[in-house]
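The structure appears right after this line, and notes come after that.
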Amino acid sequence: LALQVVVGAPDTDGGRRLTVHGKAEDAPADQEWTRYAGGTLTEASAPADFTAHAWPPAEAEPLDTTGLYSRFAEHGYQYGPGFQGLKAAWHHGDEVYAEVALPEAQHDRARRFGLHPALLDAALHALWLTAVEGDPSAGEADGVRLPFSWGGTSLYASGATTLRVRLRTTGTDEVAITVADAAGSPVAAVESLVMRPLAAGQLEAARVRSLYRVDWHPVTADGTDVPPYEVADFTGPADDVHAVAHRTLARVQEWLAAEHEDDRRLVFVTRGAAGPGVRDAVHASVWGLVRAAQIEHPDQFVLMDLGPDDDVTQWLPVAVAGGEPQVAVRDGAVLAARLVRAAPTGEEPKWDPNGTVLITGASGVLGGLTARHLVDRHNVRDLVLVARSGPDPELVEELTAAGARVTAVRCDAADRTAMAEVIAGIPADRPLTGVVHAAGVLDDAPVTSLTPEQVDRVLRPKADAALLLDELTRGLQLSAFVLFSSASATFGAAGQANYAAANAFLDALAERRRAAGLPAQSLGWGFWEQRSAMTGGLGDREVARLASGGVRPIGSADGLALFDAASAMDDAVLVPIHLDLSPRGGEVPPLLRHLVRPAVRRTQAVAEGSADATTFRQRLEGLPEEAQRESLLDLVRSAVAGVVAYDGPASVDPDMTFMNLGFDSLMAVELRNRLSAAVGTRLTPTLVFDYPTASGLAGYLYDKLGLAPAGAPAALAETDGAADDEEIREAVASVSVAQLRAAGVLDVILRLAEEARRQPTADRISHLQSMDVDGLVRWANALGDDES
């Protein structure tokens with residue numbers, strides 16, 4: 001939305017009217033603004049009487065907060081991790097007392113607000129507890145009561161991360177609120193907050209706003225400023241997705257092993273595998289795998305898809321010069337992918353209650369949720385549940401108790417003989433009318449170390465099984481053929497090149513079936529809040545990193561609402577995902593440019609690694625050497641904090657190794673990418689391993705950028721003596737083995753080392769004793785000397 005805030009002139013009492021209007025940012029100029037809020041601003045009154053010093057009040061009785069947010073979810077209200085802030089609650093008479101806190105990952109953001117909205121919202125959750133104690137059915141028929149009108153709201157302090165709150169009932173659906181910090185000092189007060197009920201059904205429209213599709217839009221590309229590039233041609237015919245994925249992986253790994261120093265790109269060219277009119281599902285796997293490689297190694301790869309008659313030679317320079325990472329050429333125009341909202345139709349999805357629905361991956365979380373939903377919401381009576389490990393007995397018992405006839409089969413969905421028997425065994429009087437393919441496995445690794453065996457392991461339950469289901473059901477009268485894909489196929493995902501390849505195959509298969517007049521829909525799901533076998537390994541840090549990238553988890557109720565909304569639409573491929581679309585610093589990814597506006601650049605953006613690299617370099621060049629090194633260290637520590645989801649750069653010990661900070665190979669890639677973007681130069685994939693601390697890495701960047709401190713002469717004056725020994729040791733310690741080899745001096749060092757071995761042993765020991773630990777390690781690695 002575009003927002004309009006108007007503060008009026010003071011009235012006779014000194015108050016000023018306040019109004020807040022909004023409308024869609026892309027709305028026509030003549031469209032009227034919608035008024036969302038109005039109020040009056042007055043001078044703040046003295047703090048109200050706060051009694052939070054004795055906490056909790058002695059006469060207050062505790063309320064049971066156990067499983068509160070699970071109980072909310074049962075009524076259809078999903079609160080994300082950042083909003084689950086109620087820690088304890090008590091009540092006495094018409095007063096409720098609550099203790100609320102922000103998750104640690106949100107503490108840094110609290111300083112941006114007068115009062116963080118998630119904190120204030122969490123304080124009101126305690127009111128629901130008292131309603132349920134009085135009437136266990138409260139919250140079901142009437143819905144949750146939400147803030148409607150605020151009166152007499154005053155703010156006395158800002159930036160709090162923990163609150164003590166007193167809520168006093170003052171009328172029907174009306175409370176007064178006093179807010180203190182952990183020490184009992186005043187933070188805020190509300191004289192009157194009026195609540196209004198919101199029924200669960202009213203949330204459906206908000207839930208399905210998280211449904212997107214990929215559109216292809218013309219982009220300008222004159223082809224005059226063409227960076228160097230090479231071509232990987234995948235335009236020929238192919239029918240084996242495994243072979244194509246292996247070949248793609250090998251080409252990516254060969255390219256990255258070469259460590260190109262210039263701005264050279266490798267362009268993968270396909271025909272009909274992406275863009276409008278997709279028909280080639282096999283080569284769509286190229287797009288999925290390379291999208292993941294683009295995330296791990298930015299500015300190295302370009303994807304280009306051609307129409308049936310387009311010439312490769314003609315369009316290559318134009319595509320590469322446009323600066324878009326993914327383009328499709330159609331009818332003489334270069335098109336780029338943009339994510340846009342999909343508009344739900346409001347129609348009911350068509351699941352035949354008289355037919356049978358087959359679900360693969362039925363032992364997984366999504367398969368189980370879908371099975372329950374089809375029975376409970378869509379009155380499906382007959383289910384065939386297929387799982388390689390066998391469906392969950394508790395799920396089968398639950399569905400049977402709900403009135404469904406369930407056939408549970410232990411079966412590999414990619415086994416042709418077994419699946420043919422399963423489908424043939426479905427009774428003729430309850431024919432197969434729907435398929436939900438939810439099977440899948442993960443086998444993650446960075447693209448540089450991914451193996452063909454890992455690719456095959458992930459392709460089999462996803463791509464092979466989907467292709468088999470497509471073939472075995474061709475002659476049947478299906479009303480639904482739903483493939484559970486992943487947003488990784490659309491966005492790319494670090495460490496999941498094989499998974500992205502498999503899901504891109506599913507998306508293209510759905511397009512191909514639709515073109516043939518067959519039912520099909522592929523849903524590229526985002527991250528689900530309810531953990532599954534594939535996401536159960538994600539810890540709080542990994543979830544926080546997803547959130548920092550703009551991805552929020554999908555609650556079960558939201559996910560099933562999105563499933564229904566998508567099933568009622570005609571799109572072959574949709575992406576149900578919760579995205580944070582607020583303006584963001586740095587360059588907005590091309591895929592999101594129709595949804596996200598770039599934020600106004602702030603001074604601190606340099607430290608966050610999101611500022612323009614040229615500006616950053618210019619700012620450094622105007623500083624003395626000590627300040628340059630401090631700025632680079634701040635940059636590195638900020639980038640590290642972002643990768644490991646720490647509160648800020650101050651929490652990163654500059655001398656602690658990245659391994660001790662919990663880094664894995666994917667985190668090393670992410671740190672390299674952040675720093676590359678910040679300083680405007682390509683950095684090697686082994687950066688974190690060559691310089692394993694923030695201080696060491698900052699020193700390397702200082703040398704890499706060739707910075708001259710402010711006031712320094714253009715060239716060093718010649719001296720008649722050698723440089724100081726300490727300076728030489730520092731210089732040698734900062735050079736990696738890879739740099740020595742690239743510069744052609746490694747052989748020289750080895751020859752000098754051989755001559756040094758002829759020196760008396762005592763001299764050599766004395767020399768070694770003068771070196772620090774890092775110097776000894778580098779010296780030993782460089783020489784390959786097995787002496788100790």
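Values below: every heavy atom of this structure, side chains too, minus hydrogens, waters and symmetry copies.
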Is a donor from one side chain sitting under 3.5 angstrom from an acceptor on the other, for Ser631 and Gln628?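 The criterion, which ignores hydrogens and geometry beyond distance, is not satisfied for Gln628 and Ser631.
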
Regarding Trp287 and Thr270, do their side chains bring together a donor and an acceptor under 3.5 Å, going by distance alone?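 Present: a donor and an acceptor within the cut-off.
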
Please name all residues satisfying ring pair (Phe, Tyr, Trp, His ring centres under 6.0 Å) with Phe491, sequence neighbours left out, ordered by chain then number.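 Partners of Phe491 by the ring pair (Phe, Tyr, Trp, His ring centres under 6.0 Å) criterion come out as none, since no residue qualifies.
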
What residues, two or more places apart in sequence or in another chain, satisfy ring pair (Phe, Tyr, Trp, His ring centres under 6.0 Å) together with Phe234?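 Result, ring pair (Phe, Tyr, Trp, His ring centres under 6.0 Å) vs Phe234: Phe268.
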
Hey, are the side chains of [X] and [Y] touching, using non-hydrogen atoms and a 4.5 Å cut-off?
| X | Y | value |
| --- | --- | --- |
| Leu266 | Val231 | no |
| Glu453 | His246 | no |
| Met667 | Phe663 | yes |
| Phe658 | Val644 | no |
| Leu632 | Leu620 | yes |
| Pro227 | Val320 | yes |
| Arg552 | Leu579 | no |
| Phe484 | Leu506 | no |

If the condition is side chain to side chain donor-acceptor pair (under 3.5 Å), which residues does [X] pass it with, not counting sequence neighbours?
| X | result |
| --- | --- |
| Arg637 | none |
| His242 | Asp456, Asp464 |
| Trp255 | Gln300 |

Working note: Leu687 + Leu671, criterion side chain to side chain contact (heavy atoms under 4.5 Å, CB included); need CA distance, chi angles, decisive distance, verdict. CA-CA 9 Å; Leu687 184 72; Leu671 178 61; 6.0 Å; no

Provide the closest heavy-atom pair for [X] versus [Y] in the form atom of the first, atom of the second, distance.
| X | Y | value |
| --- | --- | --- |
| Val252 | Leu289 | CG2-CD2, 4.2 Å |
| Ala110 | Thr161 | CB-CG2, 3.8 Å |
| Arg682 | Arg264 | NH2-O, 2.9 Å |
| Ser285 | Ala501 | O-CB, 3.5 Å |
| Ala245 | Leu459 | CB-CD1, 4.1 Å |
| Leu249 | Pro452 | CD2-N, 4.1 Å |

Pairs in or reaching into residues 441-450: which pass salt bridge (charged side-chain N to carboxylate O under 4.0 Å, His left out), with residues at least two apart or in two chains?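 Passing the test, one end in residues 441-450: Asp443-Arg457.
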
Which pairs, with at least one residue in residues 649-663 and sequence neighbours excluded, count as a salt bridge (charged side-chain N to carboxylate O under 4.0 Å, His left out)?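 Every candidate salt bridge (charged side-chain N to carboxylate O under 4.0 Å, His left out) pair involving residues 649-663 fails, so no pair, neighbours aside, qualifies.
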
Tell me whether [X] contacts the main-chain N or O of [Y] through its side chain, where contact means a donor paired with an acceptor under 3.5 Å.
| X | Y | answer |
| --- | --- | --- |
| Gln294 | Phe301 | yes |
| Arg291 | Ser488 | no |
| His107 | Leu102 | yes |

Test of understanding: with salt bridge (Lys or Arg N to Asp or Glu O under 4.0 Å), list the residues that count as partners of [X], not counting sequence neighbours.
| X | value |
| --- | --- |
| Arg338 | Glu324 |
| Arg629 | Glu625 |
| Glu630 | none |

Are any of the side-chain nitrogens in Arg672 or Glu296 under 4.0 Å away from the carboxylate oxygens of its partner?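 Glu296 and Arg672: not salt-bridged.
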
Set of side chain to side chain contact (heavy atoms under 4.5 Å, CB included) partners for Ile295, sequence neighbours left out: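 Ile295: side chain to side chain contact (heavy atoms under 4.5 Å, CB included) contacts with Ala494.
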
Residues in side chain to side chain contact (heavy atoms under 4.5 Å, CB included) with Ala243, at least two apart?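 So Ala243 forms a side chain to side chain contact (heavy atoms under 4.5 Å, CB included) with Asp240.
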
Once rounded to the nearest 0.5 Å, what's the spacing between atom [atom1] of [X] and atom [atom2] of [Y]?
| X | Y | atom1 | atom2 | result |
| --- | --- | --- | --- | --- |
| Asp507 | Thr490 | CG | OG1 | 5.5 Å |
| Met304 | Thr235 | CE | OG1 | 9.5 Å |
| Arg265 | Leu316 | CZ | CG | 14.0 Å |
| Leu697 | Asp690 | CG | CG | 10.0 Å |
| Thr681 | Leu705 | OG1 | CG | 7.5 Å |
| Tyr499 | Ser486 | OH | OG | 4.5 Å |

Between Leu701 and Leu683, is a side chain to side chain contact (heavy atoms under 4.5 Å, CB included) present by the stated rule, with each step listed? CA-CA 9 Å; Leu701 290 177; Leu683 301 173; 4.1 Å; yes

Using a 6.0 Å cut-off, check whether atom CD of Glu104 has over 12 heavy atoms from anything other than its own residue.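 Result for CD/Glu104: open.
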
One pair to check against side chain to side chain contact (heavy atoms under 4.5 Å, CB included): Lys462 and Asn503. What are the steps and the verdict? CA-CA 7 Å; Lys462 276 284 185 184; Asn503 286 295; 3.3 Å; yes

Any chance you could lay out the side chain to side chain contact (heavy atoms under 4.5 Å, CB included) test for Asn673 and Val669, step after step, and finish with the verdict? CA-CA 6 Å; Asn673 290 345; Val669 167; 3.7 Å; yes

